[in-house]
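Working notes for the structure below.
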Number of protein chains: 2
Amino acid sequence: MTMQALVPVFAALGDETRWSILAALGEGDASASALAGRLPVSRQAIAKHLAVLQEVGLVEPVRVGREVRYRVVGSELSATAHRLDAIGAEWDRRLAAIKEIAEGL
Amino acid sequence: MTMQALVPVFAALGDETRWSILAALGEGDASASALAGRLPVSRQAIAKHLAVLQEVGLVEPVRVGREVRYRVVGSELSATAHRLDAIGAEWDRRLAAIKEIAEGL
DNA sequence: GTTACCTGCAACTTGATGGTTGCAGACTCT
DNA sequence: AGAGTCTGCAACCATCAAGTTGCAGGTAAC
């Protein structure tokens, strides 16, 4: 159970560049330098984004020799999705209850 | 089908104050002024947040006399959750494939 | 018609964030 | 040992976002 603080996870997912990084990592684990070769931003910018992603558990570092590769943690994505879905369902339930009252049932 | 641009939705959900507003709206529809009475921020700040939430379809305005009440759109939350879940599942699938290759199966 | 209240617009402050460049340190490999 | 390359740290810039205050415009109610 990761149980990250939800809101920071969304904040991390609310940036296009970070999604580009996640998408690139989907092709296989890669280091900040390798990613900088594929994306139109500097290595340091990518390093910062990776730090943010790691902070909320969306990505994890793996040392391979002298480089640090990053891997997407798909389960964190799924966990976040499920928590969000539960919240959405809760709201739907409440709305349905209100609707019933409004319709005099 | 709302089909909002995903990333902006996450950006909208990546703010604590916005969650406070959503939570308060969960108690029942309310206007910006009413929310300002319950939350520790100014009405205008809340109005801006509501604009952001409306922009991505998480909330919708309802005129009631001279005031504008807002209602949470739970379905948008659920839709976002399902899309995120699909992405997470896709990553898990890929990781599983990579793992199989790595284990020489 | 006034009074009162609620919304909407504008200007401004401030802190966070996305981005850059430059440099120092560490590790590999020949 | 030396060359090359990868990481990490720091300073810095610019833009955006969250928040504020103040004011003008409607709309409801008495």
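A note on names: the letters A, B, ... follow the listed sequences, proteins ahead of strands, and every chain is numbered from 1. In this text the structure is predicted, and so the values were computed from the model without any measurement.
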Does any N or O in the side chain of A:R63 come within less than 3.5 Å of the main-chain N or O of A:V68, such that one atom is a donor and the other an acceptor?
-> no
Out of C:dC6, C:dG8, D:dG19, which nucleotide sits closest to the side chain of B:V41?
-> D:dG19
Choosing from C:dA10, D:dG4, D:dT7, which nucleotide comes nearest the side chain of A:V68?
-> D:dT7
Does [X] make a side-chain N or O approach to OP1 or OP2 of [N] shorter than 4.0 Å?
| X | N | value |
| --- | --- | --- |
| B:S31 | C:dT7 | yes |
| B:R18 | D:dA18 | yes |
| A:S42 | C:dT20 | yes |
| A:T17 | C:dG19 | yes |
| A:H49 | C:dT17 | no |

Using a 4.5 Å cut-off on heavy atoms from C-beta on, say whether the side chain of A:L13 contacts that of A:L22.
-> yes
Does a side-chain heavy-atom distance below 4.5 Å link B:L50 with B:L35?
-> yes
Which residue, B:V73, B:L25, B:V52, B:I21, forms the side-chain contact (heavy atoms from CB on, under 4.5 Å) with B:V59?
-> B:L25
Donor/acceptor link under 3.5 angstrom from B:R43 side chain onto base of C:dG8 | yes
Looking only at N and O atoms, is any donor in the side chain of B:E67 or the base of D:dG26 less than 3.5 Å from an acceptor on the other one?
-> no
